[in-house]
Amino acid sequence: VAGIMVDPYCQLPTAIWLFLALAHLAGSLIAWRDPASLLLLATGFLSTGALSHAAFQRLVSSEDIAAITVDEGFPAIIEGKVDGRFRRWKGQRGSRWSVPIRVTRIRDRGQWRKARGRAIVIGHGNWASEPGWSFRWHGIVVRPNPSKNPGEIDSRQQLLAQQIHVEIRLPQSATPQAVGGHPNWSLAESIRRRACEITVATLPRQHASLIQAMTWGERGSLTYRQKQRFLTTGTVHYLAISGLHLGMLCGLLSGLNRLEFLPRRVVWTGVILFAFGYTLVCGARTPIVRATWLVTVSVLGRWNGRRTLQW
C-alpha cells in the first residue's frame, strides 16, 4: 500500500520502477542472512507497489484507444458498449451527461479496425441508456484535462484510477447510434445487476447506493454530495472493493471450520472459489485482485500445513 502511494508523487517511468524492484529483489537474495536484507526487502516491496500502480495507470496495449490519443484531440467514429452509470449536470449550454464505455472498434482511414480500452463519453441533452448496450459515437477523441486550480478535485486522476485514459466529446447536435441488439451480459455482470436491483428494491435510495458501492463495486449511483463526504473525511477507500471487504467475507466462511461439520479442505476450497467468484462479480479491479491472490496463498499455505504467525 505504501508503494502504491509513492508512485503518484515520484512519477518515475515504469521501467525505472521495474529496475528498482528487480535490483532490490536480487540484493535481498544475495544478503539473505544479513540484517540488511530486511531493509532491502522493505524498499523492494515499496518499488514493487509503485511498479504495480504505474503499470496499472500508464501502460496500455497497442490496440488500446489511449495509445493513439493526443492532447489536441482528433475527430473519430468509435463503437463501444456502455460500461457504467450515467452522470448528469447542468452546463452553460443546457443539460450535460457523461457515461463510461468499453471501446470495441474505431474507424481509421475509412476502415473499421479492432480497438480496446475504456473511455468516457460527454454529450449534450437528456439522452440515456442502460449498461451493456452498444452504440456508435461521433466525436472528438482527446485526453482528459488535468485540474488547473489549487484545491480542485483532479478528475483526470480519478479517471486514470478507473483505467479511463480517453474522453470522447460529442458535438451539441450529435446523438449516439445503436449498433447492437439486446446486451450480451456475462454471468458475472448478470449477477451484479440482479444484486443491485434487489438492493434498490429492498433499501431506501440513499442507503442502496452505498451498499451497491461497498458490496458490489457499483459506484455510479452515488451522488456528488455522498462522494464529497467520503473525500472530506478521508474514508473514500471504503468505497473500493479491496482486502478489507474480501477478508471479512472469507473470514466468515473460514469460521465454518470451528463448527466441524465439514472437512477443513472442503471449507478452504470453498473460500478460494468464493474469492475468485466475488472478484469477477465485482469487476476484477486491481485492489480486489491483489486481495484474492493473498487469500489464495494464505489458504494454500494452511492446506500444506504452514503455521500462522501470531503477530
Side-chain angles (χ1 to χ4, degrees), residues 1-9 49 53 56-57 82-92 94-101 118-123 126 128-131 144-165 167 189 192-249 251-252 278-279 281-291:
V1 175
I4 294 173
M5 296 173 63
V6 167
D7 178 63
Y9 295 99
H53 184 272
F56 177 74
Q57 291 207 349
V82 177
D83 192 38
R85 301 285 181 177
F86 273 78
R87 174 176 170 263
R88 301 182 181 279
W89 70 95
K90 289 290 184 180
Q92 296 180 351
S95 300
R96 303 291 302 276
W97 54 264
S98 66
V99 64
I101 68 169
R118 301 190 73 208
I120 186 164
V121 181
I122 302 175
N126 298 313
S129 175
E130 289 292 326
N145 294 326
S147 61
K148 299 180 179 179
N149 300 320
E152 182 183 358
I153 296 177
D154 195 342
S155 58
R156 181 174 186 173
Q157 291 299 324
Q158 291 182 346
L159 293 175
L160 289 178
Q162 304 174 48
Q163 285 189 303
I164 297 178
H165 300 261
E167 285 183 357
E189 291 176 335
R192 182 170 64 251
R193 287 177 58 84
R194 180 57 181 164
C196 292
E197 291 173 358
I198 295 175
T199 304
V200 171
T202 306
L203 299 175
R205 181 177 180 181
Q206 65 272 21
H207 298 160
S209 59
L210 288 175
I211 294 299
Q212 288 179 4
M214 300 176 69
T215 308
W216 307 109
E218 283 287 343
R219 286 173 283 185
S221 299
L222 291 173
T223 63
Y224 177 79
R225 181 173 297 180
Q226 287 176 317
K227 295 178 181 178
Q228 283 298 111
R229 287 174 179 172
F230 279 93
L231 288 171
T232 304
T233 57
T235 55
V236 70
H237 57 279
Y238 287 133
L239 299 179
I241 306 296
S242 59
L244 174 65
H245 307 75
L246 188 64
M248 292 173 61
L249 296 173
L252 291 174
Y278 185 67
T279 299
V281 170
C282 293
R285 295 183 175 91
T286 300
I288 193 172
V289 170
R290 286 196 299 261

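In what follows, every heavy atom counts, from backbone to side chain, and hydrogens, waters and symmetry copies are set aside. Every value quoted in this text rests on a predicted model; they were computed, and no experiment measured them. One is the number of the first residue; the rest follow in order along the sequence.
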- Note on the structure: Rounded to the nearest 0.5 Å, the CH2 atom of Trp89 sits from the CD1 atom of Ile122 at a distance of 5.5 Å

- Message: Tell me every residue that passes salt bridge (charged side-chain N to carboxylate O under 4.0 Å, His left out) with Arg225, counting only those two or more places apart in sequence or in another chain.
- Response: none

- Item | Any residue meeting salt bridge (charged side-chain N to carboxylate O under 4.0 Å, His left out) with Arg96, in chain and number order, not counting sequence neighbours | none

- Task: Measure the CG-CZ distance between Asn126 and Arg88 for me, rounded to the nearest 0.5 Å.
- Result: 6.0 Å

- Message: Quick check for you: to the nearest 0.5 Å, what is the distance between Leu203 atom CG and Leu210 atom CG?
- Response: 10.0 Å

- Item | Shortest non-hydrogen contact between Ala291 and Gly243, atoms and distance | CB-CA, 3.5 Å

- Message: Using 0.5 Å steps for rounding, measure from the OG1 atom of Thr233 to the CD atom of Gln228.
- Response: 10.5 Å

- Note on the structure: On a heavy-atom basis, the closest approach of Gln212 and Cys196 is NE2-O, 3.3 Å

- In Å and rounded to the nearest 0.5 Å, what is the OG to CZ distance from Ser98 to Phe86? 8.5 Å

- Query: Just how far is it from atom CG of Leu249 to atom CG of Leu244, taken to the nearest 0.5 Å?
  - Reply: 9.5 Å

- Query: What pair of heavy atoms forms the shortest contact from Ile164 to Pro100, and how long is it?
  - Reply: CD1-CB, 4.1 Å

- Query: At their closest point, which heavy atom of His245 faces which heavy atom of Met214, and how far apart are they?
  - Reply: CD2-O, 3.0 Å

- Message: For a 4.5 angstrom cut-off between non-hydrogen side-chain atoms, does Ile198 reach Arg194?
- Response: yes

- Query: With Thr215, which residues qualify under side chain to side chain contact (heavy atoms under 4.5 Å, CB included), at least two apart?
  - Reply: Ile211, Tyr278

- Query: Which heavy-atom pair separates Ile241 from Ala213 by the least distance, and what is that distance?
  - Reply: CD1-O, 3.6 Å

